[in-house]
Amino acid sequence: MNNSKLIFVTGGVMSSLGKGLAAASLGAILQARGFSVCIRKFDPYLNIDPGTLSPYQHGEVFVTNDGAESDLDLGHYERYTGRDACSSDYLTTGRVYSDILSRERKGEYLGSTVQVIPHITDEIKRFIKKNDEDFDFIITEVGGTVGDIEGLPALEAVRQLRNEQGYHQTMFVHLTYIPNVFITGEQKTKPTQHSVKALLQAGIQPDLLLCRSSQPLHENIKGKLALFCNVHQEDVIAALDVTNIYRVPLNYSIEKFDERVCKHFLLNPLEHKISENWLKKWENLTKSIDNPTKTINIVIFGKYVDLEDSYKSLKEAITHAAGENGVKVNIIWCNAEKSKDIVSDIKEADAIIVPGGFGVRGTENMIKAIQYAREKKVPFLGICLGMQLAVIEILRNVAGIKNAHSTEFSADCAKVISLMSEWIGSCGNIEKRSKTDNIGGTMRLGEYPCKLQEGSFAKQIYGEDLINERHRHRYEFNLSEFGEALEKTGTRISGRSPDETLTEIIEIPDHPWFVGVQFHPEFKSKPLSPHPLFCSLIRKAAKF
Ligand code: GLN
């Protein structure tokens, strides 16, 4: 098999144009033409991974099956291509420097001067080309915006790859922005001209311009961009704003983006036609999202709600399940920390979700919201922190353990949720973590199996005995000490680790829909195969 063809996606003019979505959508249409595709991201910042970054800085931390804490764009790649991302699909400059410097300390460079070129650039090239015999295409998104100082080594690395692999084995796709200005709505090409100039300074001539714009691109604008930016006019592709992001791959195809990519790589598009089945599925998906028969309200009662990207996968998982059921979900984002009147904030809810989170801020209000959901019989899903707080709420208010808490928030409490190293008794074979460990990279991360209890609601929802879900947390429910007290309240522990030490799912049988999960189901939801938990929650909230 030949080595993969390499596509590099860079971004110009400004951030937040949706490079990740563009890479994911291109991946999806190339797959629809029968090609195997891998999508990767290189992020130029100096953090080793985004694990310690505030969601407000960088949005959600997306967790892969093999436990990498990565950028939320990997979530887009998974959702659009269906291929599970892995830790080798994500790299930051920080990681490259950290690896190189530890090798330098061990004397592995044998006395040579360690430099950005070739040492850093070689690492980036190795990352991009890893397993390049396994895929027809590897699409690499270069994070940041062209012109950023920290992005230069990555641009240099992809420039070298063009030189090494040749023109018809590599392609530079540059995502840019065409503003409509003034009352006339005139489309302006100058910002794009400047960002292409910045690329040229790095030695890269883009092969195709993908132009974000709120209005269709006029032919004369395409001509002007082609002339000034030195590309064929057919390679100026419009990427119009959409209200439903699952339209993007279909729109790209209408704009012939995939055809131009095939031509660049000397592949005949007629010999690699788009699968009719794929087209039908994506068209049906977008239609069902756009034509709901009923609207419901779901309150997300969390800490980072002021930036929706903090809960990107959760929002998408709701969209997938809503589309599947012909429902429009009106998400009411409720800031747990700032909420003054919880009941009035959540009284419109057809369902309440308390999502994952870290730190004490807002947790007492989340516990009150959970109590409301439990007592007023409002469908409730607690995810990770949400599940931990649900256990605390039930033990406090039903079992009467008034000081039930998590040791993440209080040292002096009934340690219902705690680090396994704090438990009395055996922890099985699972890694022990303690408070003195580094914060970065010390969590239960990635996919773990969970055994579902016979006859439970969870088993009915999943329809399977053993499931695998992704985790990202330090603390656990102390089952050996408080399991009995919890079950005495009527709460069922319906999902456990196969060795029975860890609690993965709790549910209240005497409630219309009350489920807490220690994992993050949202990471596994795909538009064409929505997650069963979200589907079930939405059906209950919509009273189907
Ligand atoms: N802060 C909690 C823990 O570390 C929950 C984490 C989460 O919700 N992802 O266990």
Side-chain angles (χ1 to χ4, degrees), residues 49-56 58-65 67-70 72 75 300-305 309-315 317 336-337 352-367 369-370 380-393 404-411 413 415-423 427 430-448 450 469-479 482 495 497 501-506 515-524 533:
D49 59 44
T52 54
L53 279 177
S54 156
Y56 280 136
H58 219 76
E60 158 190 286
V61 174
F62 186 79
V63 180
T64 59
N65 277 342
E69 293 181 286
S70 71
L72 57 79
I300 296 185
F301 201 83
K303 184 170 150 191
Y304 316 105
V305 291
D309 268 2
S310 311
Y311 300 110
K312 188 83 200 161
S313 294
L314 177 57
K315 197 173 153 224
E337 210 185 339
I352 297 169
I353 295 178
V354 174
F358 294 83
V360 70
R361 288 184 351 242
T363 49
E364 286 306 321
N365 277 348
M366 292 179 203
I367 290 173
I370 295 169
F380 167 79
L381 174 62
I383 297 175
C384 205
L385 176 68
M387 178 257 194
Q388 298 174 354
L389 296 178
V391 168
I392 291 168
E393 190 279 317
H405 219 330
S406 164
T407 56
E408 181 180 3
F409 313 126
S410 160
C413 64
K415 299 180 166 105
V416 164
I417 308 290
S418 53
L419 296 173
M420 290 173 73
S421 53
E422 296 171 307
W423 296 7
C427 298
I430 294 165
E431 180 207 359
K432 298 184 178 78
R433 296 167 291 273
S434 90
K435 278 191 182 251
T436 50
D437 289 342
N438 274 343
I439 296 185
T442 56
M443 285 192 267
R444 176 142 82 108
L445 282 168
E447 201 179 55
Y448 283 83
C450 162
E469 292 280 10
R470 293 186 202 173
H471 292 249
R472 180 173 184 252
H473 55 100
R474 278 190 193 87
Y475 296 82
E476 310 276 356
F477 171 51
N478 187 342
L479 182 63
F482 295 95
S497 57
T501 55
L502 300 172
T503 302
E504 309 290 39
I505 308 179
I506 60 144
V515 177
V517 292
Q518 185 56 81
F519 46 80
H520 290 269
E522 69 273 25
F523 290 144
K524 283 210 163 181
L533 269 176

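Whatever order the structure lists them in is the order used to number ligands and atoms, beginning at 1.
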Report task. Apply side chain to side chain donor-acceptor pair (under 3.5 Å) to K524 and list each qualifying residue two or more places apart in sequence or on a separate chain. Result -> E447

**Report entry** Neighbour list for ligand 1 [protein residues, heavy atom under 4.0 Å]
**Finding:** G356, G357, F358, C384, L385, Q388, E408, R472, H473, R474, Y475, H520

**Report entry** Ion pair check, R474 and E408, cut-off under 4.0 Å
**Finding:** no

Report summary line: The side chain to side chain donor-acceptor pair (under 3.5 Å) partners of E504 (sequence neighbours excluded) come to R444

Requested in this report: Check L72 against G59 and note the closest heavy-atom contact, atom names and distance.
Outcome: CD2-CA, 3.8 Å

Report task. Provide the closest heavy-atom pair for F519 versus I505 in the form atom of the first, atom of the second, distance. Result -> CE2-CG1, 3.7 Å

Requested in this report: Can you sort out the partners of F62 under ring-ring contact (aromatic ring centres under 6.0 Å, His included), two or more places apart, ordered by chain and number?
Outcome: F523

